[in-house]
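Let me begin by presenting the structure, written as structure tokens, before commenting on it.
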Amino acid sequence: MKPVLPDTLSIAPGKTTPPLGTLWLGPRLPRMETMCMLNMVRAGWDVTLFGYQRPENLPSDIPFRDAREVMERDLSDRAVEGARALPGAMAADIFRLHMIRQENMAWVDSDFLPVSDRFPDIRRSFFAVNDNLPANTTMYFAPDDPVLLDYIAAVEDEFPEPQPFYGAQVNARIRELRRTDTPMHRGQMHARRYSGPFVLRHLLQIHNRTGEALAEDVIFPIQYSNKSQFWDPYEVATRAFSERTWAVHLWGSRIRGQMEEREADPGSFLGYFLAEVGMGKPQAKRGVA
């Protein structure tokens, strides 16, 4: 008889979340991810950073584990002999699925910024919606969940066959290349189609699970098109939040590059959280939304 998994992941004493994992591929942790992860630790999140190399500038406060404990091969590593390297986003998409199943941890992107001392229960599934697409930016499925098992199976083929979630244009290209004996490698595909929101949406639909999603304002109160609001005064940016908002996704590469090039104003939204972890100029204390 199969064991019955708990309805919620347990929260360890002194922590405000169940076990969370994320991944960084590269020798250095950028300023944005460093700020976010230090704020996770400050907020009591039970978070672990996985990586195939320990970032040389990793703060000692951030727990780190070797990603080989979950997946032996770094799928994005072009130095691996005989391997077809994947875009970093696709490699991370695949890694998180195996981490969830093997470690029974929930996934959070490394550019998630806590903005509340509340954290929702992570039950047997946990995912959000952004712009009418389910997002794998934070995600959990119980290790025996059919959605998770089907998701893992969907990203195993290095030379994929046409799938309904790839779209007509991509499927036509896959068929064309197969006819010429030069099949399309998954690394030639966009991560959103092969391993991200489009495949997740398809699996949730066929398993009739779309209704389990968190509301958009839980982690996406500020949309990509409005990402400049992160540089606005703290009080202005947080007007977009609701009482359900517990973290904010900072939209990765664009904000990452800007934070490497410019300093946030001490009174801005980003300036507030930089100051909270000693990475920015001190400012008058404010309450967190």
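Not one N or O on the side chain of Glu33 forms a donor-acceptor pair closer than 3.5 Å with the backbone of Trp24. Not a single donor-acceptor pair under 3.5 Å links the side chain of Thr22 to the backbone N or O of Leu49. Within the 3.5 Å criterion, the main-chain N or O of Leu97 finds no donor-acceptor partner in the side chain of Arg101. Between the side chain of Asp66 and the main chain of Arg68, a donor-acceptor pair closer than 3.5 Å is present. In terms of modelled atom types and a separation under 3.5 Å, the side chain of Tyr52 and the main chain of Arg73 share a donor-acceptor contact. Under the 3.5 Å distance criterion, the side-chain polar atoms of Tyr140 are left unmatched by any main-chain donor or acceptor of Leu20. At least one donor-acceptor pair under 3.5 Å links the side chain of Arg118 to the backbone N or O of Glu243. The main-chain N or O of Trp107 is found under 3.5 Å from a side-chain atom of Thr138 such that the two form a donor-acceptor pair. Using modelled atom types, one side-chain atom of Asn57 and one backbone atom of Leu29 make a donor-acceptor pair closer than 3.5 Å. Ser268 contributes a side-chain N or O that, together with a main-chain N or O of Gly271, makes up a donor-acceptor pair within less than 3.5 Å.
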Derivation and outcome, side chain to side chain contact (heavy atoms under 4.5 Å, CB included), residues Tyr151 and Met139
CA-CA 12 Å; Tyr151 204 160; Met139 185 174 66; 4.1 Å; yes

Begin from the C-alpha positions of Arg186 and Phe159 and carry the test side chain to side chain contact (heavy atoms under 4.5 Å, CB included) through to its verdict.
CA-CA 6 Å; Arg186 60 186 176 181; Phe159 300 94; over 6 Å; no

Audit row: Arg124, Asp144, salt bridge (charged side-chain N to carboxylate O under 4.0 Å, His left out) steps and yes/no:
CA-CA 10 Å; Arg124 289 178 59 86; Asp144 62 351; 3.1 Å; yes

Side chain to side chain contact (heavy atoms under 4.5 Å, CB included) between Asn104 and Leu9, intermediate numbers included
CA-CA 8 Å; Asn104 199 26; Leu9 289 177; 3.6 Å; yes

Apply side chain to side chain contact (heavy atoms under 4.5 Å, CB included) to residues Met279 and Thr34 and explain how you reach the verdict.
CA-CA 9 Å; Met279 294 178 64; Thr34 302; 3.9 Å; yes

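By the 30° and 60° cut-offs, the orientation of the rings of Tyr234 relative to Phe273 is tilted. By the 30° and 60° cut-offs, the orientation of the rings of Phe269 relative to Phe241 is perpendicular.
Note: Phe50 and Phe64 fail the aromatic proximity criterion, with ring centroids not under 6.0 Å apart. Trp251 has its ring centre no less than 6.0 Å from the ring centre of Phe230.
For Arg209 and Glu212, the salt-bridge test passes: some basic side-chain N is under 4.0 Å from an acidic carboxylate O. Salt bridge present: Arg42 and Glu276 bring a charged side-chain N and a carboxylate O closer than 4.0 Å. We find that Glu69 and Arg65 are joined by a salt bridge, their nearest charged nitrogen and carboxylate oxygen being less than 4.0 Å apart. In summary, Asp93 and Arg192 do not engage in a salt bridge, as defined by a charged side-chain N under 4.0 Å from a carboxylate O. Using a 4.0 Å cut-off between charged nitrogen and carboxylate oxygen, Asp232 and Arg239 do not count as a salt-bridge pair.
Looking at Ile174 and Leu177, their side chains never come closer than 4.5 Å, going by heavy atoms from C-beta outward. Side-chain atoms of Leu75 and Met90, non-hydrogen and from C-beta on, never get closer than 4.5 Å to each other. Contact check for His190 versus Phe198: no side-chain heavy atoms found under the 4.5 Å cut-off. A heavy-atom distance below 4.5 Å is found between the side chains of Val147 and Leu204. Counting heavy atoms from C-beta outward, Pro55 and Arg28 have side chains that stay 4.5 Å or more apart. In this structure, Phe112 and Met40 have side chains that are in contact, with non-hydrogen atoms separated by less than 4.5 Å. Looking at Met32 and Leu250, their side chains come closer than 4.5 Å, going by heavy atoms from C-beta outward. Residues His202 and Gln163 have side chains not in contact (no heavy-atom distance under 4.5 Å, counting atoms from C-beta outward).
One distance of note links CG of Asp265 with OH of Tyr272; it measures 15.5 Å at 0.5 Å rounding. Interatomic distance, Cys36 SG to Leu113 CG, rounded to the nearest 0.5 Å: 5.0 Å. Atom CE in Met105 sits 13.5 Å away from atom CZ in Arg96 (nearest 0.5 Å). Rounded to the nearest 0.5 Å, atoms OG1 (Thr17) and CD1 (Ile122) are 7.0 Å apart. Put simply, CE on Met184 and CZ on Arg173 are 6.0 Å apart, with the number rounded to the nearest 0.5 Å. Rounded to the nearest 0.5 Å, atoms OG1 (Thr245) and CD1 (Ile222) are 9.0 Å apart.
Residues Met35 and Val41 are members of one and the same hydrophobic cluster, defined by side-chain heavy-atom contacts under 4.5 angstrom among Ile, Leu, Val, Met, Phe, Trp and Tyr. Leu25 is connected to Ile255 through a chain of hydrophobic side-chain contacts under 4.5 Å among Ile, Leu, Val, Met, Phe, Trp and Tyr, so both are in one cluster. The hydrophobic clustering, which links ILVMFWY residues whose side-chain heavy atoms are closer than 4.5 Å, places Leu149 and Met71 apart. Ile94 and Ile152 fall within a single hydrophobic cluster, where Ile, Leu, Val, Met, Phe, Trp and Tyr are joined by side-chain heavy atoms under 4.5 Å apart, directly or via other members. With hydrophobic clusters built from ILVMFWY side chains whose heavy atoms lie under 4.5 angstrom apart, Leu214 does not share a cluster with Val129.
Minimum interatomic distance between Gly196 and Asn136 (heavy atoms only, all atoms of both residues): CA-ND2, 3.9 Å. Among all heavy-atom pairs drawn from Pro134 and Phe127, the shortest one is CB-CD1, 4.2 Å. Across Ala67 and Leu23, no two heavy atoms sit closer than the pair CB-CD1, 4.1 Å. Ser110 and Met37 make their closest contact through O-CG, 4.2 Å (heavy atoms, listed as atom of the first residue, atom of the second, distance). The shortest non-hydrogen separation linking Ala91 to Leu86 is N-CB, 4.4 Å. The nearest pair of heavy atoms linking Ala85 to Arg78 is CB-CG, 3.4 Å.
More than 12 heavy atoms of other residues, nucleotides or ligands shown are found within 6.0 angstrom of CG on Asp121. Applying the 6.0 Å contact sphere to CZ of Arg178 captures more than 12 heavy atoms from other residues, nucleotides or ligands.
Sorted by first and then second residue, the side chain to side chain donor-acceptor pair (under 3.5 Å) pairs involving residues 217-226 (not counting sequence neighbours) are Asn130-Gln223, Asp217-Ser242, Asp217-Arg244.
Under the salt bridge (charged side-chain N to carboxylate O under 4.0 Å, His left out) test applied with Arg31, the options Glu263, Glu261, Glu260 reduce to a single match, Glu263.
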